[in-house]
Amino acid sequence: MHETNHIRNVSSGQPTRKVQYLEDAMVKNRVKECRLKANLSQVQLANLANVSQSTVAEVETGRHIPSLEVALLLSKALKTPMEQLFWLE
């Protein structure tokens with residue numbers, strides 16, 4: 001279900017932008033693809049990103065949606081823009 005709400009400017013009360021709630025959207029990722037392209041094991045990527053190997057495995061399989069911090073750490077470790085690693089579908 002897609003629902004659109006308006007955020008109102010506090011001072012004027014006028015709508016400033018639309019916000020969509022994507023209740024049925026799923027976070028997808030290319031972490032494994034990028035990790036393999038960089039010739040890294042899950043353990044190596046985990047060490048570079050300062051996360052656990054199990055976190056890398058769960059993100060790659062889609063069992064875990066990473067926090068913003070973990071997504072940024074993986075992006076930096078893989079030298080790949082975050083929007084190329086993660087997207088909504």
Side-chain angles (χ1 to χ4, degrees):
M1 168 187 267
H2 297 278
E3 179 181 317
T4 303
N5 285 338
H6 293 278
I7 294 178
R8 299 216 176 260
N9 183 305
V10 177
S11 61
S12 70
Q14 298 299 313
T16 56
R17 62 184 170 108
K18 290 183 180 180
V19 176
Q20 285 193 331
Y21 297 96
L22 305 174
E23 295 170 0
D24 55 352
M26 294 186 61
V27 176
K28 301 290 186 170
N29 76 75
R30 287 189 180 92
V31 174
K32 183 175 183 178
E33 176 185 332
C34 292
R35 175 180 61 78
L36 294 174
K37 186 177 178 182
N39 294 311
L40 296 171
S41 69
Q42 287 183 344
V43 171
Q44 289 170 318
L45 175 56
N47 289 336
L48 287 171
N50 199 29
V51 299
S52 69
Q53 179 272 330
S54 62
T55 295
V56 172
E58 289 179 0
V59 169
E60 286 183 352
T61 60
R63 288 188 305 239
H64 177 74
I65 297 172
S67 66
L68 177 58
E69 179 182 12
V70 170
L72 288 167
L73 290 168
L74 291 170
S75 173
K76 183 176 180 182
L78 290 167
K79 299 178 180 151
T80 304
M82 197 165 69
E83 61 272 11
Q84 290 181 12
L85 278 182
F86 301 97
W87 69 95
L88 289 176
E89 196 169 88

Measuring from atom CE of Met82 to atom CG of Leu68, what distance do you get when rounded to the nearest 0.5 angstrom? 5.0 Å
So which pairs with a foot in residues 42-61 pass salt bridge (charged side-chain N to carboxylate O under 4.0 Å, His left out), sequence neighbours left out? Arg35-Glu60
Name each donor-acceptor pair under 3.5 Å that joins a side chain in residues 25-32 to protein atoms two or more places apart or in another chain, with its distance.
unit_1	atom_1	unit_2	atom_2	d
Asn29	OD1	Val31	N	3.0
Asn29	ND2	Val59	O	2.7
Arg30	NH1	Gln84	O	3.2

Quick check: does any side chain N or O of Thr80 sit under 3.5 Å from a backbone N or O of Ser75, one acting as donor and the other as acceptor? no
Can you name the residues that form a side-chain contact (heavy atoms from CB on, under 4.5 Å) with Ala38, not counting sequence neighbours? Leu40
Those residues that, when tested against Gln53, pass side chain to side chain donor-acceptor pair (under 3.5 Å) (two or more places apart): Gln42
Within this structure, what is the CG-CG distance for the pair Leu78 and Leu45, rounded to the nearest 0.5 Å? 4.5 Å
Would you say Trp87 and Ile65 are hydrophobically clustered, going by side-chain heavy atoms of ILVMFWY under 4.5 Å? no
Honestly curious: do Val56 and Leu72 fall in one hydrophobic cluster under the side-chain, below-4.5 Å linking rule? yes
Sorted by chain and number, sequence neighbours left out, side chain to side chain donor-acceptor pair (under 3.5 Å) with Thr55 holds for Ser52
Qualifying residues under side-chain contact (heavy atoms from CB on, under 4.5 Å), relative to Glu69, sequence neighbours excluded: Ser67, Leu73
